[in-house]
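Computed from a prediction, not measured in an experiment: that's the story for all the values here. Both counts, for ligands and for their atoms, begin at 1 and track the order of listing.
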Amino acid sequence: ASESSESNIISRFQQFLQIKTNHPTPNYTQSSDFLTSQAKSLSLHSQTIELVPGKPLVLLKWTGTSPELPAIMLYSHTDVVPAEQDKWDHPPFEAHVDSEGRIYARGSQDMKCVGMQYLEAVRKLKQWGFQPKRTIYLAFAPDEEIGGHDGAEKFSLSRVFQDLNVGIVLDEGLPSLDDHYRAFYAERSPWWLVIKAVGIPGHGAKLYDNSAMENLLKSIESIRRYRASQSDLIKAGLKAVGEVVSINTVFLKSGTPSPTGFVMNLQPSEAEAGFDIRVPPTADTESLERRIAEEWAPTWRNMSFIFKQKMYGRDASGKPAVTKTDSSNPWWALLENAVQEAGGKLGKPEIFPASTDARYFRSLGFPAIGFSPIANTPDLLHDHNEYLHKDEYLKGIKIYESIIKAYASYDEHGKDERSKDEL
Ligand SMILES: CSCC[C@H](NC(C)=O)C(=O)O
Ligand SMILES: [Zn+2]
Ligand SMILES: [Zn+2]
């Protein structure tokens with residue numbers, strides 16, 4: 001009983017949050033040791049898989065009574081983005097609980113909460129003597145925040161993963177401000193674009209055409225018009241955030257350095273800008289590619305471009321990698337019902353505006369749902385003072401108890417065995 005006391009549940013969450021798994025030097029040894037010891041206390045089989053040395057993925061297993069049925073994958077990442085300690089009200093790796101009950105820590109929303117909530121839900125279900133029909137896996141992966149290439153991407157393509165016979169993947173979602181939980185069936189693909197302009201250098205007092213700066217600024221004007229057109233669709237209520245192309249300038253680089261800053265009377269011969277572009281799964285990528293080549297970085301204006309990251313978010317057959325939300329995908333309805341049974345409400349299916357590891361599983365044809373049970377909370381992913389209220393965290397555990405019960409009890413023939421038993 002003491003193991004499952006509220007204070008012990010919160011204290012285990014704090015311990016995980018206190019492990020510095022922040023980039024650029026995440027302490028994966030400590031997080032793996034912690035997770036392995038949690039697994040031991042829950043009598044879960046555990047293995048640590050290093051597909052890349054120094055980048056462990058911890059895989060836990062709760063064997064079902066019908067292990068031949070496709071398994072449930074409860075997925076999370078252990079790494080977190082860096083935090084600017086001096087801009088936080090409470091240190092980002094202290095997991096301080098304030099007088100209101102808010103737990104402040106990097107990773108409290110993204111997504112150490114989810115990883116620990118899975119474990120706590122399993123703990124409760126085991127205490128109650130619940131027997132899963134399907135095998136349940138819990139995966140704790142590295143490197144999501146830097147693209148997932150040495151984490152989810154390699155894992156999803158590995159023999160280990162292929163042999164798990166996974167039927168559904170649950171990964172992270174986003175908090176909601178109201179009492180609905182958000183759930184994501186797809187995500188936008190990242191295109192990280194760098195455009196470069198070259199031009200005639202010259203005196204800062206001269207009004208001539210074809211300087212690098214002028215060439216780059218023409219592109220930026222065009223990009224900003226396009227950005228406004230996409231933003232207007234959201235403002236007019238015609239499209240959701242995940243349904244438009246977003247493009248944001250993330251760096252500008254030019255000028256001729258001098259000991260006091262930059263030379264002020266010289267128009268430089270090179271100028272560069274970087275953009276974070278996010279592309280919805282059903283976007284016309286060819287037309288966007290044409291726009292980049294012909295309007296934003298045309299060779300005739302002495303411009304060139306490269307992609308630092310470019311994904312298409314498609315499956316092997318070239319179709320958008322989206323998880324179905326209709327009756328052809330029983331996992332969606334099961335999620336909706338399970339959340340409802342635990343006293344929650346699921347909002348309309350959404351497209352995740354940024355990227356998650358779920359894309360690697362979807363592109364291989366696995367259904368994957370982005371879901372973090374965080375309601376009534378501002379979205380503070382990657383922000384200062386990321387926090388999660390302890391009551392919201394505890395409620396999330398109950399939500400997962402309900403989801404895991406429903407998922408693990410669902411049989412191959414379209415029935416939720418648990419509901420049948422209870423009826
Ligand atoms: C492209 S890999 C980086 C992953 C990161 N994920 C989130 C959720 O912020 C992002 O979308 O920028
Ligand atoms: Zn995340
Ligand atoms: Zn993140």
| task | Check the pair Phe366, Phe161 against ring pair (Phe, Tyr, Trp, His ring centres under 6.0 Å), reporting the backbone distance first and the verdict last. | result | CA-CA 12 Å; Phe366 292 91; Phe161 177 75; 5.1 Å; yes

| message | Checking contacts here: is it the side chain or the backbone of Trp191 that comes within 4.0 Å of ligand 1, counting heavy atoms only? Could be both or neither. | response | neither

| message | Counting backbone and side-chain atoms alike, is an N, O or S atom of Glu144 positioned under 2.8 Å from the Zn ion (ligand 3)? | response | no

| field | For the Zn ion (ligand 3), the closest N/O/S atom belonging to Glu145 | value | OE2

| Centres of the Tyr118 and Tyr400 rings: under 6.0 Å? | yes

| request: May I ask whether Arg359 has any heavy atom positioned less than 4.0 angstrom from an atom of ligand 1? | output: yes

| said: Check for me whether Glu144 has a heavy atom closer than 4.0 Å to any atom of ligand 1. | reply: yes

| query | What class does the angle between the rings of Phe361 and Tyr75 fall in, given that below 30° is parallel, 30 to 60° is tilted and above 60° is perpendicular? | reply | perpendicular

| query | Hey, is the Zn ion (ligand 2) within less than 2.8 Å of some N/O/S atom on Glu172? | reply | yes

| message | Using 30° and 60° as the class boundaries, would you call the ring planes of Tyr28 and His23 parallel, tilted or perpendicular? | response | perpendicular

| Sidechain N-carboxylate O distance under 4.0 Å for Glu50, Lys55 | no

| Ring centres of Phe275 and Trp191 under 6.0 Å apart? | no

| Under a 4.0 Å N-O cut-off, is there an ion pair linking Lys395 with Glu392? | yes

| request: Please report the closest heavy-atom contact between Ser372 and Val114, naming both atoms and the distance. | output: OG-CG2, 3.7 Å

| More than 12 non-hydrogen atoms from neighbouring residues, nucleotides or ligands closer than 6.0 Å to NZ on Lys310, yes or no? | yes

| message | Below 3.5 Å, N or O to N or O, backbone or side chain included: is there any such pair between Ser355 and ligand 1? | response | yes

| note | The closest protein heavy-atom partner of atom 9 (O) of ligand 1 is His382 CE1, 3.1 Å

| query | Against heavy atoms of Gly147, which atoms of ligand 1 measure under 4.0 Å? | reply | 2 (S)

| message | Looking only at N, O or S atoms in Asp110, which is nearest to the Zn ion (ligand 3)? | response | OD2

| Which atoms of ligand 1 have any heavy atom of Arg278 under 4.0 Å away? | 10 (C), 11 (O), 12 (O)

| message | Under a 4.0 angstrom heavy-atom cut-off, which atoms of ligand 1 come close to Ala354? | response | 11 (O)

| message | At less than 2.8 Å, would any N/O/S atom of His382, backbone or side chain, sit next to the Zn ion (ligand 3)? | response | yes

| said: Taking side-chain contact (heavy atoms from CB on, under 4.5 Å) as the criterion, tell me which of Ile72, Ile399, Leu125, Leu170 meets it with Ile404. | reply: Leu125

| field | For Trp192, the ligand 1 atoms whose distance to one of its heavy atoms is below 4.0 Å | value | 1 (C)

| said: With the threshold set at under 4.0 angstrom, would you say Glu172 reaches ligand 1 through any of its heavy atoms? | reply: no

